[in-house]
Amino acid sequence: MKFPDGFLWGGAVAAHQLEGAWNVDGRGPSICDVLTGGAHGVKRVITADGVEPGRNYPNQRGIDYYHTFREDDALFQEMGFKCFRTSISWSRIFPNGDDAEPNEAGLKFYEELFSDYRAKGMEPVVTLSHFEMPLALAKQGGFTNRKAIDCFVRFATTVMERYKDLVKYWLTFNEVNNQMEMHTEIFPYTNSGIIPDPNDTPHEVEQKVWQAIHNEFVASALVVRKGHEINPDFKIGCMLAMVPIYPATCKPDDVMHAEVLMRDRLLFGDVYCYGEYPHYLTHRWERDGFDIKMEPGDAEIINHGIVDFISISYYMSAAVSAEAVKDWDGHGLPGQVKNPYIAATDWGWQIDPVGLRYTLCTLYERYRKPIFIVENGIGMYETPDDHGYVADDARIDYLRSHIEQVGKAIAIDGVEVMGYTVWGCIDVISFGTGEMKKRYGMIYVDADDYGNGTYKRFRKKSFNWYRKVIASNGEDL
C-alpha cells in the first residue's frame with residue numbers, strides 16, 4: 001500500500017476545546033462557554049442564561065493554547081505534520097455575531113497562528129463553524145433565525161479575505177449531521193445554536209432543527225461561492241460525521257431499517273455535492289408535516305454552492321435491529337444494538353477499522369469527490385509514569401488499523417483520499433463529555449477535569465510512532 005505524494009498527514013483540534021482565553025482580547029462568550037463538564041453517562045448542562053457560580057465550564061480553560069500555540073506547534077512540527085486542522089472561534093472575531101466591526105485582536109491572533117503553521121511547514125485546514133456560535137446569536141434563535149445566514153457569511157467573508165494568502169483549505173460546518181439526533185439537546189445546540197425549550201413538543205423541536213438545517217445549507221453555499229471569488233485556489237469542503245450503520249442481521253426488516261437511518265447521515269452530502277434536496281427528504285417533510293421556510297432564490301443558491309471535497313470524522317460504526325426500536329428512549333439511533341464482532345472503547349464507541357474503508361468507498365462512489373479524513377482517534381483513560389510518559393499502545397493499535405484500511409481504500413478501491421488528521425493530537429477538552437480524562441492525544445497535557453495541574457506537555461509513545469508513519473508516508477506502521 002502506498003499513499004500518494006503530497007498526502008496531508010497531520011492532526012486536528014477545535015478552538016473551543018483547546019484555546020481557552022474565553023474572555024480575553026475582546027472575545028465574546030460562545031455557546032460552548034456555557035456548557036458544563038459532564039462524564040460518561042452524565043450529560044453536559046447548557047446554562048444559556050450565562051455562567052452560573054459553582055459550575056465547572058471546561059471549555060473556558062481548554063489547554064491554554066491561546067498562549068502556548070508556538071510551543072505546541074513546535075511539537076506538531078517535530079512529529080512532521082504536513083497540515084494542521086483547527087477552527088476560528090466565531091466570537092473571537094465577532095463577539096456578539098452581529099457586531100458592526102470585527103475584533104481586530106481576534107483577527108491578529110489567527111493571522112499569527114496560521115503564519116506559525118506555515119513557518120513550521122504545516123498547511124492550515126480551517127473550520128469556519130465548529131460549535132462556536134456567539135452566545136448572543138444563539139439567544140436570537142441561532143440558525144432557526146434567517147439573520148444567522150447573513151452573520152455567518154459576513155464572518156466567513158471577513159476571515160477568508162484576511163487569510164486568503166495563508167489558508168487554502170476551508171470547511172464550512174463541522175459534523176453538521178450530528179443534529180439528526182434531534183432530541184439529544186447538545187447536538188442541535190452546538191450545531192445550530194438552538195437553545196432547548198422545555199415547552200417544545202417533539203414535532204416543534206424537529207421543525208426548528210429542519211429550519212436551521214435549511215438555513216445552514218444556504219449559508220454554506222453562499223460561503224463556497226464567496227470563497228471562490230476571494231481566491232479561486234481555495235478548496236472548500238463540507239464536514240460530515242460518518243458512522244456506517246449496519247443491519248444487525250440479514251433479516252430484511254433490519255436491512256431496511258439500516259438503510260432508512262443511513263439517509264440521516266447521507267442527506268447532507270447529497271445536498272452539498274449535488275446542489276439540491278433529495279426526493280426522500282422533501283417527501284419526508286411533506287409526510288411528517290414540516291413547513292420549511294425558504295426564500296425565493298434559495299434553491300439556486302444551494303445549486304451553485306457545491307463543495308470541492310468532502311471531509312469526514314470517523315470513530316465507529318453502529319448496528320441496528322428493527323425489533324429493538326420498541327425499546328428506544330429517544331436518544332441515539334433507534335434500535336441500536338451491540339455488534340458482537342467488534343470491541344468498544346470505555347465510552348461504548350465500537351471500534352471498526354474496516355468500517356472506515358467501507359465509508360470511504362460508499363462516499364466516493366456516491367459523490368466522486370476527494371475525501372479528507374479530518375478526524376479519527378480514540379479516547380482513553382491514561383495515567384502517566386513518574387516522568388510524564390504514557391505507553392499508549394492501544395492508541396497505536398487503533399490508529400495503525402485505521403490507517404491500514406485507508407491505504408486499502410486508496411490502493412485497492414481507487415478512492416481519492418486527500419489526507420488524514422488524528423483527532424485531538426494533543427489532549428484537549430472532550431466535546432461530548434467535557435472531560436480531560438477522555439484523552440485522545442499523542443501529547444499528554446497535565447491537567448484534570450477541573451483545571452488542576454501544571455499543564456506541561458509530555459510526548460506519549462504514539463508521538464514517535466506517528467512521526468515514523470508520516471516520515472515514511474504511511475509505509476512504516
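Just so it is clear, the values below take in all heavy atoms, side chains as well, and ignore hydrogens, waters and symmetry mates.
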Neighbour count above 12 (heavy atom, 6.0 Å) for Tyr381 OH: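 Enclosed: over 12 neighbouring heavy atoms sit under 6.0 Å from OH of Tyr381.
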Under 3.5 Å, which donor-acceptor pairs do the side chains of residues 2-16 form with other protein atoms, sequence neighbours left out?
| residue | atom | partner | partner atom | Å |
| --- | --- | --- | --- | --- |
| Lys2 | NZ | Glu475 | OE2 | 3.3 |
| Trp9 | NE1 | Asn473 | OD1 | 2.9 |
| His16 | ND1 | Asn59 | ND2 | 3.1 |

Plane angle bin for Tyr169 and Phe372 - parallel if under 30°, tilted between 30 and 60°, otherwise perpendicular: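 The rings of Phe372 and Tyr169 stand perpendicular, inter-plane angle above 60°.
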Phe152 and Phe155 aromatic ring geometry - parallel, tilted or perpendicular at 30°/60° bounds: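 Because their plane-to-plane angle lies in the 30° to 60° range, the rings of Phe155 and Phe152 count as tilted.
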Which residues share a ring-ring contact (aromatic ring centres under 6.0 Å, His included) with [X], sequence neighbours left out:
X      : answer
Tyr358 : Tyr246
Tyr398 : His402
His257 : none
Phe69  : Phe109

All pairs passing salt bridge (Lys or Arg N to Asp or Glu O under 4.0 Å) where residues 104-131 contributes a residue, at least two apart: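 Of all non-adjacent pairs touching residues 104-131, those that pass salt bridge (Lys or Arg N to Asp or Glu O under 4.0 Å) are Arg70-Glu112, Glu104-Arg162, Lys108-Glu112, Glu111-Arg162, Asp116-Lys120, Arg118-Glu123.
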Applying side chain to side chain donor-acceptor pair (under 3.5 Å), can you list everything that pairs with [X], at least two apart in sequence or on another chain?
X      : answer
Glu382 : Arg395, Lys460
Thr127 : Arg85
Asp448 : Asn452

Sole residue of Tyr420, Tyr314, Tyr440, Tyr315 in side-chain hydrogen bond (donor to acceptor under 3.5 Å, both in side chains) with Glu375: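 The option that passes is Tyr315.
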Whether Asp99 side chain and Gly97 backbone form a donor-acceptor pair below 3.5 Å: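 Yes, the answer is positive, given that a donor and an acceptor are paired below the 3.5 Å cut-off.
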side-chain contact (heavy atoms from CB on, under 4.5 Å) partners of Val126, counting only residues at least two apart: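 Here the qualifying residues are Ile88, Phe114, Pro124, Val167, Trp170.
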For Lys43, all residues meeting salt bridge (charged side-chain N to carboxylate O under 4.0 Å, His left out), sequence neighbours excluded: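 Here the qualifying residues are Glu185.
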Qualifying residues under salt bridge (charged side-chain N to carboxylate O under 4.0 Å, His left out), relative to Lys139, sequence neighbours excluded: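 Per chain and number, Lys139 pairs via salt bridge (charged side-chain N to carboxylate O under 4.0 Å, His left out) with no residue.
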Asp233/Lys168 salt bridge by N-O under 4.0 Å criterion: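 No, no charged N to carboxylate O under 4.0 Å.
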